[in-house]
Amino acid sequence: MNFSELLIQWYKKNQRKLPWRNTRNPYLIWISEIILQQTRVNQGFEYYLRFTERFPDVISLANAKEEEVLRLWQGLGYYTRARNIYHAAQQIIHDFNGVFPADYNDIIKLKGIGSYSASAIASIAFKQCYPVIDGNVLRVISRIYGISIPVDSAKGKNEIKAILYELIDKQNPDIFNQAIMEIGALVCSPKSPQCEICPLQALCFAYAEKKTADFPIKGKKISQRSRYFYYLLIIQKQGEEKYIYLHKRTKNDIWKNMYDFPLIETESEININEYLLSEIDALLKSYDFVIQSVSPTFKHQLTHQTIYARFIKIEISLPNLILKDCSLTIPGNINNYPIPKLIDNYLKTDK
DNA sequence: AAGTCGGGGTG
DNA sequence: CACCCAGACTT
């Protein structure tokens with residue numbers, strides 16, 4: 001048997017049962033592919049079920065509000081995906097008469113769909129012959145063929161794409177694509193791959209040379225930075241009712257279009273009693289305020305930045321403060337808004 | 001080509 | 001802790 005036959009035979013016996021594998025509906029396959037971008041199957045599983053239950057088709061998604069889509073996405077990360085998926089639903093309505101496009105060259109026009117997702121949808125939903133290249137595939141092919149160019153370079157990807165066009169089962173590109181990703185996830189793992197049970201062992205350069213740990217070769221290095229967030233929980237009492245200022249993040253930064261609190265950010269840790277007091281004083285325009293409490297530091301780790309956040313409760317007496325992109329709400333209402341994990345974590349400790 | 005965008009699992 | 005996950009978009 002050749003590469004493709006060995007792979008597909010293994011897949012038919014060992015594949016996981018996953019909800020998006022029971023359908024050829026391009027809409028459902030699309031949603032699964034976006035959710036799974038840079039996201040493990042286990043993490044995305046429940047999100048897929050919830051999302052497709054609330055939005056079973058393009059129309060229901062297109063008729064929603066972006067904020068509801070973001071709320072369904074809350075906790076999953078990379079929220080650009082949720083905004084793009086919403087935008088793409090409008091594209092399907094307006095540019096494709098509400099029908100999900102059936103060709104790679106149209107599919108890739110949709111916002112948030114790049115070469116990987118277009119190949120996945122075109123092959124799985126429409127049996128078009130486009131090989132997928134994701135992190136799993138890069139690892140599997142680079143090990144088997146001993147690819148010496150960094151796989152995160154254009155050259156490395158093109159070399160792997162050329163190999164895949166030779167390997168892919170042209171009658172069953174859908175099965176081939178899912179199989180090569182599945183074996184990357186279940187057998188050819190980043191650390192200590194299970195070469196003993198791998199059906200492609202006899203074909204594998206890295207296994208023969210005992211160099212599985214040396215592949216894939218990567219060039220890019222991850223940069224890291226620290227950010228210091230001082231959140232102001234500005235509480236305003238009106239009779240018996242308490243209100244709090246909620247802030248919508250509108251800039252091109254993390255958590256765009258999600259909600260947090262008025263924020264003072266610095267590049268290094270600061271003394272709350274000095275610098276911060278003057279900042280708060282300026283922000284509140286010298287009106288009377290009382291600092292009630294200051295939380296301990298919440299460390300929030302992202303892929304490329306570390307956030308150190310503290311939450312400062314402030315009570316003010318004056319009504320109707322004007323703060324940019326802010327609105328007043330009752331604290332119990334915050335959970336109706338899409339909020340980042342950091343805010344969610346804090347609110348859990350505050351109750 | 002490099003930088004940016006989250007959160008969580010894994011060793 | 002470092003690495004990486006069914007990547008895409010912007011600069």
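In what follows, every chain begins at residue 1, and chains take the letters A, B, ... in the order their sequences are listed.
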| message | Mind checking if A:Lys299 touches a base, just sugar-phosphate, or nothing, with heavy atoms under 4.0 Å? | response |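 Sugar-phosphate, no base atom in range.
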| query | What nucleic acid atoms does A:Asp253 come within less than 4.0 Å of, heavy atoms only: base, sugar-phosphate, or nothing? | reply |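 Touches sugar-phosphate only.
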| message | Base contacts versus sugar-phosphate-only contacts with protein, heavy atoms under 4.0 Å: please encode nucleotides 2-11 of chain C as B, S and - from 5' to 3'. | response | -SBBBBSSS-
| task | Decide yes or no for A:Tyr259 and A:Glu67: does some side-chain heavy atom of the first lie under 4.5 Å from some side-chain heavy atom of the second? | result | yes
| message | Just to verify, what does A:Thr212 make a side chain to side chain donor-acceptor pair (under 3.5 Å) with, not counting sequence neighbours? | response |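 A:Thr212 satisfies side chain to side chain donor-acceptor pair (under 3.5 Å) with no residue once adjacent residues are dropped.
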Take atom [atom1] in [N] and the same atom in [M], then report the distance between them in whole Å.
N     : M      : atom1 : answer
C:dC3 : B:dG6  : C1'   : 15 Å
C:dA6 : B:dG11 : P     : 14 Å
B:dG9 : C:dA8  : P     : 23 Å

| said: Could you check, using the six-membered ring where one of them is a Trp, whether A:Tyr79 and A:Trp255 have ring centers closer than 6.0 angstrom? | reply: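 Centroid distance A:Tyr79-A:Trp255: not below 6.0 Å, so no.
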| query | Do A:Phe298 and A:Tyr308 have ring centroids that are under 6.0 Å from one another? | reply |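 No; A:Phe298 has its ring centre 6.0 Å or more from that of A:Tyr308.
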| message | Within the 3.5 Å criterion, strictly below it, is a donor on A:Asp260 or A:Tyr231 matched to an acceptor on the partner's side chain? | response | yes
| Of A:His304 and A:Lys341, the one whose closest DNA chain B nucleotide lies more 5' |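 Counting from the 5' end, the first nearest nucleotide belongs to A:His304.
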| Qualifying side-chain hydrogen bond (donor to acceptor under 3.5 Å, both in side chains) pairs with a residue from residues 149-165 of chain A, counting only residues at least two apart or across chains | none
What donor-acceptor contacts under 3.5 angstrom involve side-chain atoms of residues 68-75 of chain A, with partners at least two apart or in another chain?
residue, atom, partner, partner atom, Å
A:Glu68, OE1, A:Arg54, NH2, 3.0
A:Glu68, OE2, A:Arg54, NE, 2.5
A:Glu68, OE2, A:Arg54, NH2, 3.3
A:Arg71, NH1, A:Asn335, O, 2.6
A:Trp73, NE1, A:Gly77, O, 3.2
A:Gln74, OE1, A:Ile339, N, 3.1

| field | Range on DNA chain B touched by chain A - first to last nucleotide, heavy-atom distance under 4.0 Å | value |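 Range of nucleotides touched by chain A: B:dA1 to B:dG9.
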| message | Taking side-chain contact (heavy atoms from CB on, under 4.5 Å) as the definition, give me every residue that meets it alongside A:Leu36, ordered by chain and number, with sequence neighbours left out. | response |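 For A:Leu36 the side-chain contact (heavy atoms from CB on, under 4.5 Å) partners, ignoring immediate neighbours, are A:Trp20, A:Val41.
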